Every structure is written in structure tokens, then in C-alpha cells.
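Down below is the structure, laid out as C-alpha cells.
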Amino acid sequence: MKKRGIGFASVFYGTGYGNGFPDISNAIAELGMDGKITIYVGATEVGQGAKTILSQIAAEVFSMSVEEIIFVCEDTSITPDAGTAAASRQTYNTGNAIKIAAENLREEMIDVAIERLGLNSRVGLAVKNGRIFLKTFPEKGISFEEIALLVGDQHLRRTGSFTAQTTQMDEDTGEGAPYWPYTFSVYGIEVEVDTSIGTIEVIRSVCAQDTGRTINPKLVEGQIDGGFAMGLGYAIYEDLNLQKGKIKHNRFTNYLIPTAEDMPEVEKIFIENPESTGPYGAKGIGEPVTLAVAPAILNAIYDAVGIRIKEIPVTPDKLLIALKEKEMEV
Amino acid sequence: MKVIQLKVNGGVYKVDIEEDMRLLDVLRDKLRLTGTKEGCGEGECGACTVIMDGVSVNACMVMAFQAEGKEIITIEGIQRKDELHPIQRAFLEEGAVQCGFCTPGMILSAKALLDRNPSPSRKEIREGISGNLCRCTGYNQIITSVEKASQYLRREEEEK
Amino acid sequence: MEIKEVFRKKNVKETLEILEHYQEQCKIIAGGTDIIIQLREGIEKSSVLVDISNIEELKVVKETEKWIEIGSGVTFTEIAREFTLHDKFSALVEAAASVGSPQIRNAATIGGNICNASPAADFIPPLLALNAVVVLERKNAIREMCLEEFIIDKEKVALKADELLTKIRFKKLQTNQGLGFSKLGFRKALAISKISTAVFLELEENNKCKGTRIATGALGRHGLRERRVEEFLQEKALDPSTVHQGGRKLQKEIEKRLYGRPSLAFKKEAVIGIFHKAVDKAFKSCKIEGGI
Amino acid sequence: MKLEVVGKSVIRVDGLAKITGKAIYPQDLFMDDMVFGKTLRSKKPHAHVKIDISKAKTIPGVIKILTYKDVPNNHHGVLLKDHEVLCSKKVRAIGDPLAFVIAVTEKIAKRAIEAIEVTYEEIKGVFDPFEAMKEDAPKVHDGSNIIYHYKLRKGDVEAAFEKCHAVVEGEYKTSMVDHAFLQPEAGLAYKDGDSIVVCVATQYPHFDQLEIAEALIMPLEKIKVINTAVGGAFGGREDITMQIHLALAAMLTGKPVKTIYSREESFEAHSKRHPMTMYYKTGANSEGKLMAMKAKIIGDTGAYASWAINVLRKAGVHATGPYEIPNVKIDSYAVYTNNPFAGAMRGFGAAQVPIGHEQQMDMLAEKLAIDPITFRLINCFTVGSKTATGQVLEESIPLQNCIEAVAEAMNFSKKTEGAV
């Protein structure tokens with residue numbers, strides 16, 4: 001027999017290393033001779049989209065397209081340390097560092113522009129599409145390329161650094177402000193359980209994700225889908241099957257992760273509520289998106305068949321045996 | 001040692017192989033076509049998917065000598081002259097790529113699917129790429145990309 | 001891998017000559033999906049490989065008046081395609097489509113699935129339920145045997161070193177006959193069978209069971225006929241209660257066979273669900289007009 | 001503020017290289033005169049070891065075999081430096097690296113690995129964290145197996161439970177799981193003048209640089225880490241795997257050295273998600289307000305600490321779930337065992353605790369006859385809430401909106417008759 005049930009779960013997630021550990025990102029913004037902006041930063045693109053998100057932040061500072069940003073993050077000898085690509089911290093921490101570096105560079109470029117254009121102050125200036133100009137008289141302006149030519153060999157190059165604010169917790173009571181910011185995520189999931197063989201299928205799912213501000217909707221959607229798949233695996237498939245310290249499931253034939261056929265469609269809702277300390281209000285979402293999936297599935301299984309499974313993964317064998325035990329009790 | 005002739009991406013190559021080499025080894029180590037990836041070595045992840053005589057296969061599950069004389073298409077061979085293949089374009093536009101390691105194999109599975117079924121449903125796409133594991137994307141944007149690529153390809157057909 | 005020599009033959013005759021010459025040193029490779037893993041793990045120690053994946057005569061699916069004949073080199077993709085128009089044989093489509101993934105199905109062959117004789121081989125139970133016959137050829141000789149006899153033990157078949165499995169034959173289904181298949185894997189694709197069951201039914205009026213053959217996979221050392229269950233169902237009207245009792249019989253068999261195994265607690269329960277699904281499908285298949 | 005680029009689905013900047021197969025992962029690197037490295041790993045979980053490389057060394061094509069004797073400073077680790085680059089006397093987990101063979105081909109390297117003689121003198125191992133916490137348990141390292149205890153104390157839980165209308169308890173267990181990124185670890189290192197360049201796929205190139213420099217006792221600026229395209233990470237590329245082996249191999253042989261892990265080796269080489277056992281007790285009053293929560297969380301970090309301290313801290317802080325609870329007592333522990341080591345994985349301690357707190361929430365809601373959405377809305381954090389650590393949530397706390405949005409999208413009709 002097939003039985004359906006719905007489950008919910010909500011979570012919070014504190015960004016960063018936390019507990020007062022200096023959580024620092026550094027970045028450099030440089031104006032190139034071609035008028036393009038190069039960002040040097042030791043932040044890793046692991047697939048999460050850091051290069052794109054961080055390029056967007058830099059591009060926003062200059063109101064230019066992402067194509068005008070050259071993003072260099074691969075070489076320790078030319079990039080400053082931006083911390084690890086973990087703890088959902090790159091958008092928040094390194095995003096801030098890049099924004100600061102880019103803004104510092106922009107101010108420096110404005111200084112050059114003011115001098116060159118013979119203006120009296122910074123009032124009324126706009127930076128857009130590779131030019132700095134007077135809003136009320138756009139002809140009065142200078143291109144980034146011209147600025148680069150003017151400064152010549154003394155490349156305009158500015159750094160930016162951002163350190164997140166957390167405190168060490170009290171050793172005896174745990175009191176303190178260990179992480180900031182917190183990101184929230186809620187899932188609603190409907191499952192169908194085949195009670196004759198113990199299999200579980202997710203047939204509907206919704207995610208409401210707090211993003212602070214969404215920097216790139218498609219990338220956030222991709223994180224949610226990917227986070228869902230990982231949560232699904234955690235809930236019902238994955239186990240290394242340790243026996244006396246030996247990993248028995250040590251290959252993809254027995255360590256099962258979801259395939260395209262196991263993955264449901266996920267409806268996504270972004271909840272935007274900008275965080276004032278985040279770059280343009282953004283928060284990290286890479287980890288939060290996965291956390292509520294497994295518990296929501298467990299709650300849905302209970303709703304479907306009345307069994308609380310307290311040990312994951314809920315593989316068909318575990319569920320079927322529990323179902324039979326329940327039958328016996330009745 | 002043995003010399004075999006391989007037809008890869010339209011070119012013909014004479015390659016020295018050792019008898020125990022797999023097609024994957026020849027593509028990567030001999031021809032340096034490193035777009036074809038090895039993720040598991042046992043046909044389970046699909047990262048090494050190539051098209052051989054019109055069907056998708058795992059290049060880690062084909063011995064090199066078995067591929068002699070067959071037409072092989074790898075990721076390096078699906079681009080048209082200066083322009084991306086519509087599947088590649090759709091993958092780019094719809095966010096189907098994250099870490100990228102499964103991407104070449106995924107694109108070739110999508111091509112093998114669309115070559116025989118030009119208008120697959122989302123369910124058929126799921127089945128068509130079910131031999132390609134992806135740990136990053138949760139597949140949904142990949143499926144949307146394949147749907148979009150199918151539209152691109154059909155439009156191309158109509159325009160012809 | 002310590003492969004010293006490889007051959008690729010275009011016909012059965014030349015392949016048989018190679019086999020005769022190299023005997024035990026030589027291993028046949030077709031789809032490669034099992035043997036390449038075995039070579040990689042050092043389980044397979046042959047030093048010579050002969051590839052049969054290009055032999056056209058092994059890639060034929062043929063229908064005679066009474067029989068269906070499948071060449072050993074036919075891939076699962078081809079089987080699924082070949083039988084997709086025959087609703088009566090949707091169990092074969094289902095079994096073929098449940099093998100690995102599209103890439104695996106494009107390479108893996110029915111002959112390989114049989115000769116590798118894995119306990120979890122997806123295609124063995126339906127062939128057992130169809131009472132299939134295997135055709136074995138060696139230089140200047142040919143013999144046939146029942147698939148059930150051909151599979152001797154886990155990963156062991158009665159294939160001599162110089163023999164090649166060339167064909168698999170089974171009788172066509174008549175109007176009142178049907179085949180059902182059901183498999184339990186722990187995920188939907190790329191899933192190794194945890195339990196599979198194939199049920200052949202021949203029904204008389206009022207759903208009376210005139211004949212049945214039931215085979216299971218992953219419930220023993222290799223694919224097996226479940227004769228006790230068959231005997232039980234024989235001549236009975238297949239109402240829900242009888243099918244249910246049939247399931248219990250099968251459960252009893254599994255309890256004996258898997259005694260002491262950690263997987264028993266699960267498998268003895270799940271097998272009932274899988275058995276029911278296979279019987280339901282066999283019923284449906286019976287109702288479809290025959291000929292094939 | 002009107003934003004022009006932020007908020008747009010800009011096409012990912014690394015996408016083009018990836019869809020054309022041109023993105024270079026470390027396994028895709030080739031250099032002239034390149035040789036191959038392969039790691040010999042422990043097959044025993046807890047043993048004193050001796051290795052004899054004399055036979056393996058003589059195999060034609062073997063260039064050098066690195067053992068602990070070759071490592072200038074044989075320690076690394078993200079927090080505690082409790083890993084050895086190559087084990088000297090003792091192995092603490094299956095998969096611990098013992099030697100690194102450098103040979104002209106991968107095949108020869110493999111043959112040499114098989115020719116190295118390893119003598120194991122097995123020590124009793126401990127595989128269960130509860131056992132490991134006992135005084136007389138085998139010690140994985142020199143000190144206690146308990147490496148961290150986080151305490152959170154707020155209010156008086158026992159008194160509060162007395163007053164609760166409904167109390168639920170549960171013990172929850174999560175399994176050890178793997179990141180299973182698609183790209184198995186690979187790397188290439190070479191000498192460039194007196195510098196060493198290490199090309200790998202890592203989450204944190206500057207940290208790798210530091211770890212390599214410290215192990216080789218070389219100035220930081222003489223080590224350059226090139227981060228290639230990274231085939232997924234999820235926390236599994238935080239710790240060192242092959243970086244130091246490769247750097248040392250390049251330094252001592254002067255040749256470019258490449259290594260690629262098989263999938264099986266990848267499973268053995270990198271960290272795992274901490275399996276946790278979580279005991280929970282949660283109580284609410286008759287109005288559905290959470291009054292007290294007690295949790296004890298044991299995390300098995302396996303043979304090495306990696307990020308265990310931070311992971312169990314994060315688990316402790318997030319153990320309440322996103323709800324206001326006036327009385328809270330939480331204890332979380334990180335414990336060494338002889339299991340594979342656990343470290344960072346997407347969620348980092350905050351992935352395990354919801355398995356407990358969210359089921360507790362539903363159990364309580366059922367007991368109180370309140371629907372799960374209403375129950376969460378009654379208790380969820382909002383602007384101005386205080387977390388169990390006393391932190392004031394002063395802005396951007398849209399949890400209520402998230403819960404309501406999901407309930408609406410799921411067409412969930414609240415059954416509020418139970419709520420008072």
C-alpha cells in the first residue's frame with residue numbers, strides 16, 4: 001500500500017568560523033590599462049558560484065557588467081588570503097572585503113577624475129559603464145581607460161579587508177555572540193511510502209530560503225536543488241557502513257547518492273530581508289539550504305505511517321522492519 | 001603494445017596502446033582529451049560518458065582495443081565551429097553547471113538522449129541522465145537545460 | 001590488469017578458434033561492464049581477451065513460430081527497444097530497463113548478464129521464469145541446455161573454456177500466458193537488485209493457475225526457481241488470498257535459505273511485496289492478446 | 001538603492017570553460033618528465049607499524065619512496081596538528097598514510113606499494129564514542145579521547161520541566177557520511193627555482209600553503225599553491241590529503257610529481273561528517289510555548305580532530321533549533337575513536353542537530369494537539385529574540401515569513417483547535 005504524509009522543518013545557521021576566531025577576508029581591486037577591474041582574492045570557486053557572486057558584487061560597485069571584471073583567485077603568490085570556502089562565509093565575508101576594496105579603488109579613481117576634469121567636489125558624480133561623469137552634464141566625464149592611462153605605471157590598486165564580528169562564548173555557560181549573521185531556511189516535504197517494501201519517494205517539496213538579499217537567483221536556486229539532493233541522501237540513502245573502522249561502502253556502487261530519477265522538483269521561495277552588515281544585504285546560503293531537508297522528510301514519514309525513525313538514513317530495510325514491528329504491536 | 005586506429009571527433013588517430021588500457025586512458029593520457037573525466041572507474045558515475053557509434057557509453061567500461069574503428073564523440077567534439085552546441089548553450093544559460101566535473105559526461109548523455117528523442121518529457125530526461133551522478137546541482141537545472149536545448153534543436157530543424 | 005593479448009573477432013567461427021587455442025587463459029569480453037571491474041580489482045586473472053561485441057550474428061533477435069531467440073550479444077538497450085511493442089512482454093522491457101543506467105544498458109549484454117551469473121543479475125529471473133534455453137557453441141560442436149542447469153553456482157556457469165554462449169531461446173507467450181517482473185533497489189537508477197522476482201503464469205478460466213514458473217534474484221547464491229511456491233499455486237484459483245498464501249510460502253523459503261543472514265529480517269518481508277507486484281503484472285500480461 | 005548587477009541571474013563566469021571540457025582539474029595536468037606518486041595506506045585501524053621499503057626500492061622505475069623519515073616536520077591538522085604527514089610508529093585509522101612511492105609510471109608505483117612490507121602490531125581499537133569516553137578505553141592519542149566539551153547553561157531546566165504541560169524525549173542518531181564530490185583528489189607538484197609549486201583542488205589555498213611550508217620547514221613565500229578547477233568540496237577539501245606528499249616529492253626528486261586518488265582511496269583519504277548521537281528532552285507549556293530543553297550530543301571525530309571542536313561547538317549552539325527557549329542545558333562532546341576521521345561537511349554540526357530538534361518539535365506539537373506550523377510560529381526566532389547563548393537577534397530574522405510561505409505553498413491548513 002502507498003501512504004502519503006507531509007512534514008516540515010525549520011533551521012537557522014550561523015555564518016563563519018565563529019566564537020571570536022578572527023574571521024578575515026582580504027581582497028585587492030586593481031584598475032587595468034584596458035579599463036577593466038581586476039579582483040585578486042584567495043577565495044575558492046568550489047562550484048558554489050563564488051567567482052560569479054563575488055564578481056557581481058565588484059561589478060555593482062562600479063555599475064558595470066560582470067564581463068568587465070577579471071577575477072583572479074587561483075594563485076597564492078598573487079592573491080591575498082580570503083579564508084576558506086566554507087562556513088557559508090564567502091558571500092558575506094569575502095563579498096564584504098571585495099566591496100570595500102572596490103569602493104576604495106572607486107574613490108581613488110574619482111579623485112583622479114576630479115583632478116583631471118577640474119571639478120570642485122565629489123558631489124553629483126556618477127560611476128557607470130566604465131566612466132566617471134557629472135550626472136547633470138554627462139559630457140563632463142572620463143573613462144576608466146583614460147584614468148588608467150593617466151596614472152600610467154603606478155597602477156591604481158586598493159585593498160579591502162573585512163573581519164566578521166563574533167565573540168568567544170563563556171566556558172561555563174556558553175554565553176556570547178558566537179556567529180553572525182544567522183540564515184534561516186524552512187522546508188515542507190510530502191513523501192509517499194510503499195508500505196509493502198519500505199521505499200520512500202519525495203513527491204513534493206517547497207523551500208523558503210532567507211537570502212538576506214539574493215545576489216544571483218539562478219545560483220541560489222541551484223544551491224537549493226543541490227542542498228536538497230544532499231539532504232535527501234542524508235535522510236534516506238547514505239551510510240558509509242563502518243565496521244571496525246573500515247568503510248564498507250567505499251564506492252559509488254554501494255555508497256548511494258541520489259540520481260536524477262530520485263530527485264524531486266523543488267519549489268523555491270526567496271525571502272529577502274537585507275542584513276545591514278552583508279554586502280548589499282546578502283547572507284550565505286550554501287549550507288543552510290541543506291539542513292532542513294532530512295528532518296522534514298523524517299516528519300513526513302511519521303505523518304505517512306505513524307513511525308518515528310530516530311536513526312538516519314531511513315533505508316527501506318529499516319523502515320520496513322519498523323512497519324512490521326508496528327503491525328505486530330497492533 | 002599494440003597500435004590501434006581511433007576515430008575521435010571526426011579525426012583519425014593512430015595510437016600505441018597497452019593491451020590493458022581502457023578507452024578512457026587513451027582519450028585522456030594519449031590524446032590529452034581531458035574533458036572526459038574519471039569519477040569512479042566502474043561505470044557508476046558517468047563522468048567519463050562519451051558517444052560511441054551513436055550511443056552513450058562509459059569510457060571506463062570500454063577496453064581501448066574494443067573501440068578500434070568506432071566513431072567516438074567527446075565533449076571536445078560537440079562544439080560547432082565557432083559556436084557552442086545548443087546543449088552547451090542551454091547548460092550555460094540555465095545554471096546546469098556548478099563544480100563542472102560531471103558536466104561533460106552529462107552533456108554527452110543529454111546529446112545521446114536528444115539524438116534519439118528530440119522532445120523528451122522531464123521524466124524521460126531524468127531517465128536519460130540517470131547514469132550521470134551530480135553531487136552539486138540536484139539535477140533540476142540540468143533537466144531544465146535539456147528541455148531548453150531540445151527547443152533550440154527543434155527550432156534549428158524547423159529553420160532548415 | 002595483466003592482459004597480454006587481445007583479439008577482436010567479427011564472427012563466431014574465428015572466436016571459437018581463439019577460445020580453442022587459449023582455453024582457460026582467455027576470457028570473453030562483450031559489454032565489459034563486469035569484467036573490466038573484475039580486471040581492475042585483480043579478481044579476473046586471464047591474460048587474453050577476445051572481444052565479441054562486434055559479431056553481428058550474436059546481435060540478432062529472432063521470432064519463429066513458437067520461439068523467441070535472442071543473440072547473446074544483444075544489449076539491454078536493444079532488448080528494451082525490441083520488446084517495447086510487445087505489451088505481453090513488458091516484463092522483459094522492465095527488467096532490461098532496470099539494469100544500471102543508460103550507458104550500462106548500451107554496453108551490457110544478455111549473454112554477459114547470464115555468464116557472469118551474479119546473484120543479483122537482473123535478467124536471469126525473467127529468463128528462468130520463461131524456462132529459457134541457452135545455446136552453447138564450440139569449434140565444430142553445439143549443445144543446448146536449460147538456463148536453470150547452466151547456472152551452477154554463484155558467479156559460476158557450465159560454460160567450458162572453449163565454449164561461447166551464442167543464443168538464448170524461450171517460448172512465445174500465448175493468449176492465456178503472462179510474465180511479470182518486479183525489482184527492489186535502494187534507489188531508482190543505478191540500483192543493484194536487493195530482491196527481484198519474475199512470475200510466469202498460465203491461466204485457465206476463473207483465473208485458475210494451469211501453470212506457473214516463479215524465479216527470484218538476490219535471494220540466494222544465484223537466480224533460482226521457487227518450486228515450492230509454484231507447486232502451491234498450481235491448479236488453484238489465483239484469488240487475493242491464494243496469492244497472499246503464495247507470498248507466505250515464498251517467505252518461508254527465503255527464511256530457510258537466508259537463515260542467519262543479517263539481511264533476512266528485511267528480505268523476508270519485502271519479498272512478499274515484490275512477489276505481489278510481479279504476480280499483478282503477470283496477471284495483466286495474461287490478459288493481453290497473445291501470439292507473442 | 002537601485003541595484004544593477006546584484007539580483008540578476010548573471011551567467012556563471014566559470015561556466016564556459018566547464019561546458020566545453022576546457023576547465024582544468026588537477027588530474028588534467030601533464031608536464032614533461034612527469035612522474036607518478038602513490039600512497040601506501042594502513043589496512044589496520046590501530047596498530048604499531050614498521051615498514052620495510054628495501055625490496056620495493058629496487059623495483060626498476062621506482063625513483064624514491066618517502067616515509068616519515070623524509071618529512072622535516074611530520075605534523076599537520078587544521079586545529080590540533082594531530083595528523084602525521086606519514087605515520088612514524090602508530091596508525092590510528094584504516095587509510096592512514098604510511099609511505100609515498102614515486103615512480104616513472106603509475107603502474108610501477110602500484111607494484112612498489114604492493115612490495116612494501118608492513119608489519120602491524122595491532123593495538124585494541126575503540127570504535128564507539130561512548131566506549132571511547134570511558135576512563136579505561138584504549139587511547140587513540142596520548143591524552144583523553146574526549147577532546148572537547150561545550151557547555152550551554154541558561155535558566156533552570158529541571159525546574160522548568162516540572163512545570164511543563166508536555167515533555168518529549170528522544171535519542172537520535174546520524175550516520176557517518178561522505179561528501180562524495182565527483183572529482184577524486186588529484187594533484188601535481190613541481191620545483192620552480194627554489195620554490196615549490198603545488199597544483200591541487202582545495203577549499204583554502206592559503207591554508208594549504210601554510211601547512212606545506214610548516215611541514216617542509218620552508219619559508220611561506222617559497223611555496224606556491226595553484227588552485228585548479230575544483231570538482232566539488234562540501235567541506236571535504238579542508239584538510240590536507242596529498243598536498244604535503246606532493247610538495248616533498250617534488251622537492252626531493254626535482255621532478256614534477258602527479259598523483260590521482262581512485263574513488264576508493266578518496267573515500268579513505270578525506271574527512272567525513274561527524275556521526276552524532278543526540279539525546280533530547282524538550283518541554284512546553286499548555287499554550288504551546290517552549291519552556292525547557294536539554295540536549296547531550298556526542299560526536300565521533302574518528303582518529304583525528306580536524307574541525308571537531310568547531311563542529312561540536314556549532315552543534316551545541318544550534319541544538320535548540322531556531323526557537324526561543326528560556327531554560328536550556330546543552331552538552332556536546334567531541335571524541336576520538338579509531339574510525340575514519342570526521343571534519344567539515346556542509347552544515348558543520350548544524351546538519352545533525354535538526355534531526356533531533358525538529359522531530360522533538362513535531363512530537364511536542366502532536367502531544368499538545370497543535371499543528372506543526374502553528375507550533376513553530378509560536379516559538380520561532382523573530383527580531384529582538386534572544387538565542388540560548390544570549391545573543392540578541394537584532395535584524396534580518398525572517399523566519400516567520402519562511403514558515404508561513406512554506407505552509408501556504410504546501411496548502412497546509414492549520415489545525416489550530418488544539419492551541420489555546
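Bear in mind that the values here come from a model prediction, so they are computed numbers and not experimental data. Protein chains get the first letters and strands the later ones, always in sequence-line order, with residue 1 at the start of each.
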### Task
Starting at CD of D:Q27, measure out to CZ of B:F101 and round the result to the nearest 0.5 Å.
4.5 Å
### Message
For a 4.5 angstrom cut-off between non-hydrogen side-chain atoms, does D:K18 reach B:Q98?
### Response
no
### Message
Would you compute the distance between atom CZ of B:R135 and atom CZ of D:F234 and round it to the nearest 0.5 angstrom?
### Response
6.5 Å
## Note on the structure
Between D:G21 and B:P104, the two heavy atoms sitting closest are CA-CG, 4.3 Å
### Task
Determine, step by step, whether B:K37 and D:D28 satisfy the salt bridge (charged side-chain N to carboxylate O under 4.0 Å, His left out) criterion, reporting the C-alpha distance in whole Å, the side-chain angles of both residues, the deciding distance to 0.1 Å, and the verdict.
CA-CA 9 Å; B:K37 307 297 182 194; D:D28 304 333; 2.4 Å; yes
### Task
Could you give me the CA-CA distance, side-chain angles and deciding distance for D:K107 and B:D20, then say whether salt bridge (charged side-chain N to carboxylate O under 4.0 Å, His left out) is met?
CA-CA 11 Å; D:K107 244 189 215 173; B:D20 60 3; 3.0 Å; yes
### Message
Taking side chain as everything from C-beta outward and backbone as N, CA, C, O, which of these in B:L84 sits under 4.5 Å from a heavy atom of chain D? Side chain, backbone, both or neither.
### Response
side chain
### Query
Which value, rounded to the nearest 0.5 Å, describes the distance between B:I78 atom CD1 and D:T20 atom OG1?
10.0 Å
### Task
Pick one of side chain, backbone, both or neither for B:E93, based on which atoms fall under 4.5 Å of a heavy atom in chain D.
both
### Message
Please report the interatomic distance CZ(D:R263) to CD(B:E42), rounded to the nearest 0.5 Å.
### Response
10.0 Å
### Task
Considering only heavy atoms and a distance below 4.5 Å, find which of B:E94, B:R32, B:R89 pairs most often with chain D.
B:R32
### Query
Does B:E124 CD have over 12 foreign heavy atoms under 6.0 Å away?
yes
### Message
Can you give me the closest heavy-atom contact between D:K22 and B:Q79, atom names plus distance?
### Response
NZ-OE1, 4.3 Å
### Task
Report the C-alpha distance between D:Y25 and B:T34 in whole Å, list the side-chain angles of each, state the deciding distance to 0.1 Å, and finish with yes or no for side chain to side chain contact (heavy atoms under 4.5 Å, CB included).
CA-CA 9 Å; D:Y25 302 82; B:T34 54; over 6 Å; no
### Task
Look at D:V230, D:I24, D:I260 and state which one has the largest set of heavy-atom pairs under 4.5 Å with chain B.
D:V230
### Message
On a heavy-atom basis, which atom in B:C99 and which in D:G231 lie closest, and how many Å separate them?
### Response
SG-C, 3.3 Å
### Task
Please flag which part of D:A229 lies under 4.5 Å from any non-hydrogen atom of chain B: side chain, backbone, both or neither.
neither
### Query
Pick from D:S266, D:P184, D:G15: which one has the most heavy-atom pairs with chain B under 4.5 Å?
D:P184
### Query
Quick one: does D:L182's side chain get under 4.5 Å of B:C134's, heavy atoms only?
no
### Message
So for B:E38, is it side chain, backbone, both, or neither that comes closer than 4.5 Å to the heavy atoms of chain D?
### Response
backbone
### Message
Heavy-atom cut-off 4.5 Å, strictly under: side chain, backbone, both or neither for B:L92 against chain D?
### Response
both
